[in-house]
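Scroll down for the structure; my scribbles are underneath it.
Numbering of ligands and ligand atoms starts at 1, following listing order. Along the sequence shown, the residues carry numbers beginning at 1.
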Amino acid sequence: MSEATPRVAIVTGAARGIGAATAQRLAADGHAVAVLDLDEANTKETVQAIEAAGGTALGVGADVSDAEQVQAAVDRVAAELGPPVVLINNAGVTRDNMLFKMTEVDWDVVMNVHLRGAFLMARACQKYMVDATFGRIVNLSSVSALGNRGQANYSTAKAGLQGFTKTLAIELGKFGVTANAIAPGFIQTEMTKATAERLGIAFDDFIKGAASQIPVARVGQPEDIAHLVSFFVSEGAGFVSGQVVYAAGGPRA
Ligand code: NAP
């Protein structure tokens, strides 16, 4: 199914996981997609998958927490694909530790990628959205925003992204720009695999254990989140803004 109006979208952290599935979904919806990740070489697989399916993609390397790299990346997307009016702030990292063991670096890295990154990307893209009187911003929060043992840094950043989302919705609404957040529960990706490894649990067992606690009796897949992103980005979703949707297979995180 193609969108009525093809747009240019940037998906950060799109080399793999939720970002890769989202980039592929937006391309299938008819948008040209900038597949942004730390290392441009790592974006190849996602770009090739989009092109193989008949879509348009551009691989871009940038650290979202670096202002100069963000500006250069957004300038490049605008020059090579067109004005980026859809932004999915998905890049993320974890540096889990109990508070008493958490280092300043653990704290700063997580704040910088999630919060500074989303801020820098949104600031660099907003003028294209305002000029077009159309924009869609989707920020990846998490059920961890409600509090999660061992994630003082990550839960703070993910809660912060919810406030950021609501403020963008208020500031940019009159320009036709919506901002929404998705707070996923357990999604099967390299990120949750790394968590299983850290806890010394086989990934399959970790997945089974998580699924047993989830009402729909399975863990989430990246495509589950991509589907929700596709809705928020769609033309018809223009009256939905400043919302946080928990996509966790049930009512409670
Ligand atoms: P993932 O598989 O670890 O993928 C994250 C991607 O972000 C990686 O390709 C990573 O690149 C990239 N990245 C990290 N730091 C970056 C930076 N500074 N600049 C640009 N790209 C950067 O993670 P995921 O599970 O798909 O998660 C995607 C988003 O959903 C994250 O924001 C995460 O917090 C959120 N989320 C995930 C879950 C879950 O259960 N998986 C649940 C709730 C929320 P490198 O590989 O080069 O580091």
Side-chain angles (χ1 to χ4, degrees), residues 10-25 34-47 59-74 77 87-96 108-121 124 138-148 151 153-162 164-165 181-198 203 206-207 209-211 213-214 218-226 228-229 244-249 253:
I10 299 180
V11 183
T12 70
R16 62 171 197 237
I18 294 169
T22 298
Q24 289 177 65
R25 174 59 190 261
V35 177
L36 188 151
D37 213 289
L38 266 178
D39 183 351
E40 185 175 332
N42 293 341
T43 66
K44 220 172 177 180
E45 211 174 299
T46 310
V47 169
V60 180
D63 178 347
V64 295
S65 66
D66 182 299
E68 278 179 25
Q69 290 185 38
V70 164
Q71 194 56 57
V74 171
V77 173
L87 170 65
I88 318 301
N89 282 312
N90 166 84
V93 292
T94 52
R95 293 289 185 275
D96 297 353
D108 290 343
V109 166
V110 169
M111 293 306 150
N112 285 342
V113 175
H114 295 270
L115 288 178
R116 195 163 199 271
F119 154 64
L120 292 173
M121 289 297 307
V138 181
N139 297 316
L140 266 291
S141 178
S142 166
V143 294
S144 295
L146 301 171
N148 197 27
Q151 291 197 313
N153 49 2
Y154 185 82
S155 64
T156 302
K158 291 309 198 186
L161 277 172
Q162 296 189 9
F164 181 60
T165 301
I182 298 174
F186 189 117
I187 310 297
Q188 189 174 339
T189 67
E190 290 298 318
M191 185 175 272
T192 37
K193 194 174 177 190
T195 305
E197 274 165 20
R198 191 173 44 78
F203 196 33
F206 195 50
I207 287 170
Q213 307 293 315
I214 298 172
R218 66 172 179 86
V219 299
Q221 297 299 324
E223 292 73 21
D224 291 313
I225 303 306
L228 189 49
V229 173
V244 180
V245 173
Y246 284 81

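With sequence neighbours excluded, no residue satisfies salt bridge (charged side-chain N to carboxylate O under 4.0 Å, His left out) with Arg95. Judged as a side-chain contact (heavy atoms from CB on, under 4.5 Å), and not counting sequence neighbours, the contacts of Ser65 are Asp63, Asn112. Partners of Phe206 according to the ring-ring contact (aromatic ring centres under 6.0 Å, His included) rule, which considers only residues two or more places apart in sequence or in another chain, are Phe186.
Put simply, the side chain of Ile182 reaches to within 4.5 Å of the side chain of Ile225, judged on heavy atoms.
Protein neighbours of ligand 1 below 4.0 Å, counting non-hydrogen atoms: Gly13, Ala15, Arg16, Gly17, Ile18, Asp37, Leu38, Ala62, Asp63, Val64, Asn90, Ala91, Gly92, Val93, Val113, His114, Leu140, Ser141, Ser142, Tyr154, Lys158, Pro184, Gly185, Phe186, Ile187, Thr189, Glu190, Met191, Thr192.
In this structure, Thr12 contributes its side chain and Asn90 its backbone to a donor-acceptor pair below 3.5 Å.
In this structure, Asp96 CG and Thr195 OG1 are separated by 5.5 Å, a value rounded to the nearest 0.5 Å.
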